[in-house]
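Taking it in order: structure first as structure tokens, then the write-up.
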Protein chains: 2
Amino acid sequence: MGDVRTGDPVTIVRGEEELFRRVGHLFMSATDVACVANDLALWVAERRAAELEEAALQRAGAARVRKIYRSGLLLDAVSAQELARRRDRHGAQVRITTDELSETIVVDRKVAILAGERHEGPRSYSVITQPETVQGVVSLFDTVWRSAVDLDVYDAQVAEIRRLAPAVLDLLGQGAKDEAAARKLGLSVRTYRRRVGELMAALGAESRFQAGVRARELGLV
Amino acid sequence: MGDVRTGDPVTIVRGEEELFRRVGHLFMSATDVACVANDLALWVAERRAAELEEAALQRAGAARVRKIYRSGLLLDAVSAQELARRRDRHGAQVRITTDELSETIVVDRKVAILAGERHEGPRSYSVITQPETVQGVVSLFDTVWRSAVDLDVYDAQVAEIRRLAPAVLDLLGQGAKDEAAARKLGLSVRTYRRRVGELMAALGAESRFQAGVRARELGLV
DNA sequence: TGCGGGTTGGCAGGTTGTTGCCATCCGCGG
DNA sequence: CCGCGGATGGCAACAACCTGCCAACCCGCA
């Protein structure tokens, strides 16, 4: 415990518990947080969230908090709303990308945390303090940040998509052919496919199989 | 509480806890259990499983236990093995179907339990004691049972599929085109598509989107 | 009424995915 | 050696899906 810098420039940490013990304190006084997240789950164990929440609220406005989320998240109206709520609550900036990114946090441009693959057992995280490496991560983040689009702007774009998305997802999930699905929705095949295309774009999927997986991941089907 | 027959011929029960309280005792003395399940999760709350387990073991051989599972389950080697283990342990008969079925239990041809949709909140179950209705359910079950194929037979069929399935699923999940995927696996496009087709058949999916959803549901991607 | 921006749906031409057919190859027992 | 069954891969025809283009339409606004 104590300062994270006492270890190697790169430390592998297993599980969120451990991660929190190592770097949790950094968030308390952070003035610059950059974050890539794929869902709304907090990175730290739920039971510790309260402390962080408090610290976050205290520095609201004083700190610069940038968060990037996957676009698929916005297809669920509830999630989208929750996202906006949190943003307002913390005075954070939220942008949306359609690219697939591994989860990342950079605190004060000094410490980078990269999430590893999520498979059996606790998830692993790489905690990086080596300045040049962190700088590289920051640079990547900045680039992605620039290409990402503001939550409100994106939200407006998908508002209409979202209206039809549930029905489209439902039909796709049933294995319906475009022909039949379009008829059921009272749309032309052309427009139905437009919807599917928008949906896939929003999910960042390049094939329908992949779209199915992502949709299921987000609990949309 | 008490005898399930005291209520209406059809009772809606919310949550597995409640279900167990209502009909748990039936399993203790049952000599004929018919069951459709979509995954390996036990129907009763985990903590009560021990009692049932015990009762089940005692009547092993004495009772007739028939279980039908979805074929997709077998794509995961671990699940398939666990399935066989449980079957041997309980002296049950296990068959596999590729059709989509809602979960069902019929005890001693007297009480039928149909699982409702799984959405927010606890899952609901219909407990049916009305004889004609139960008979109808039994009749449906018997038909499905006849058309289903024995676990061992099916297992042998998919053994080879399973060997390649993870790789194919992986590539599909990445949104790879058949062309590229086949190259990566060192297969011809034709054979790769054969694999995908077998996979979809095993998942009971009629479109790749649906296959993606099912695969994700089973945790195969 | 006329204009401008956005949505729709038909069409065409493309790519991707699905399936049957068949020649070929491999391994195995006769 | 042959014959056999199963797996493979090429080919082809077809179905399904994707997309650019454009005319038609709708709606709000001046």
Side-chain angles (χ1 to χ4, degrees), chain A residues 71-72 75 98 149 153-215 221, chain B residues 71-72 75 98 149 152-216 221:
Chain A
S71 59
L75 291 181
T98 58
V149 47
V153 175
Y154 193 90
D155 197 49
Q157 287 172 7
V158 296
E160 200 56 20
I161 297 179
R162 204 162 47 207
R163 202 174 56 81
L164 263 180
V168 174
L169 282 164
D170 187 47
L171 288 160
L172 283 171
Q174 291 172 23
K177 307 276 180 234
D178 291 8
E179 180 74 26
R183 226 177 310 120
K184 191 161 295 189
L185 292 179
L187 295 175
S188 73
V189 175
R190 181 69 186 87
T191 306
Y192 174 76
R193 285 179 177 154
R194 241 193 277 268
R195 294 281 171 282
V196 175
E198 290 159 349
L199 201 56
M200 287 173 57
L203 290 168
E206 296 189 343
S207 72
R208 289 201 181 190
F209 182 95
Q210 202 178 19
V213 173
R214 300 255 169 104
V221 282
Chain B
S71 59
L75 291 180
T98 57
V149 48
D152 286 335
V153 175
Y154 193 90
D155 197 48
Q157 287 173 7
V158 296
E160 200 56 22
I161 298 178
R162 203 162 48 208
R163 202 176 54 83
L164 263 179
V168 174
L169 282 163
D170 188 46
L171 288 160
L172 282 171
Q174 292 171 22
K177 307 277 180 233
D178 291 8
E179 181 73 27
R183 228 177 308 122
K184 192 161 292 190
L185 291 180
L187 294 175
S188 74
V189 176
R190 182 69 186 85
T191 306
Y192 175 76
R193 287 178 176 158
R194 241 192 276 268
R195 295 280 172 282
V196 175
E198 291 159 348
L199 201 56
M200 286 174 58
L203 290 167
E206 296 190 343
S207 71
R208 290 202 180 190
F209 182 94
Q210 203 178 17
V213 173
R214 300 257 169 101
R216 177 65 204 183
V221 281

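The chains referred to below are lettered A, B, ... by the order of the sequence lines, with proteins before strands, and numbering in each begins at 1.
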Detail all sub-3.5 Å separations between protein N/O atoms and N/O atoms belonging to nucleotides 12-15 of chain D.
none

I'd like a list of close polar pairs between nucleotides 22-26 of chain C and the protein, N/O only, cut-off under 3.5 Å.
none

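At C/dT8, none of the side-chain N or O atoms of A/Thr191 fall inside 4.0 Å of OP1 or OP2 (strictly under the cut-off). At C/dT18, one or more side-chain N or O atoms of B/Arg208 fall inside 4.0 Å of OP1 or OP2 (strictly under the cut-off).
Proximity of B/Val196 to B/Arg208: side-chain heavy atoms (C-beta onward) are separated by under 4.5 Å at one or more points. A/Val213 is not listed as a side-chain neighbour of B/Val213, based on a closest heavy-atom distance of 4.5 Å or more.
Rounded to a whole Å, the CE atom of A/Met200 is 12 Å from the P atom of C/dT16. Between B/Glu198 atom CD and D/dT8 atom C1' there is a gap of 12 Å when expressed in whole angstrom units. Atom-to-atom, CD of B/Glu179 to P of C/dT18 comes out at 15 Å; the value is rounded to the nearest Å. Counting to the nearest Å, the C1' atom of D/dA16 and the CZ atom of B/Phe209 are 16 Å from each other. Counting to the nearest Å, the C1' atom of C/dT15 and the CD atom of A/Glu206 are 14 Å from each other. A/Leu185 places its CG atom 11 Å from the P atom of C/dG9, with the value rounded to the nearest Å. When the C1' atom of C/dT19 is taken as reference, atom CZ of B/Arg195 falls 15 Å away, rounded to whole Å.
Qualifying side-chain hydrogen bond (donor to acceptor under 3.5 Å, both in side chains) partners for A/Arg193, counting only residues two or more places apart in sequence or in other chains: A/Asp178. Legend: residues meeting side chain to side chain contact (heavy atoms under 4.5 Å, CB included) with B/Glu206, ordered by chain and number and at least two apart, are B/Gln210. Residues that satisfy the side chain to side chain contact (heavy atoms under 4.5 Å, CB included) test with A/Arg183, not counting sequence neighbours, are A/Glu179, A/Ala180. Partners of A/Gln174 by side-chain hydrogen bond (donor to acceptor under 3.5 Å, both in side chains), not counting sequence neighbours, listed by chain and number: A/Asp170.
The two residues B/Ser207 and A/Leu172 have their closest heavy-atom pair at OG-O, 4.0 Å.
Nearer to the 5' terminus of DNA chain D, by closest-nucleotide assignment, is the contact made by B/Tyr192 (compared with the other of A/Ser207 and B/Tyr192).
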- Show your working on side chain to side chain contact (heavy atoms under 4.5 Å, CB included) between B/Leu171 and A/Phe209 and close with a plain yes or no. CA-CA 10 Å; B/Leu171 288 160; A/Phe209 182 95; over 6 Å; no
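Put simply, CZ on B/Arg195 and CG on B/Leu187 are 6.5 Å apart, with the number rounded to the nearest 0.5 Å.
Of the candidates D/dC18, C/dT18, D/dC17, D/dC17 carries the atom nearest the A/Asp178 side chain, counting heavy atoms from C-beta on.
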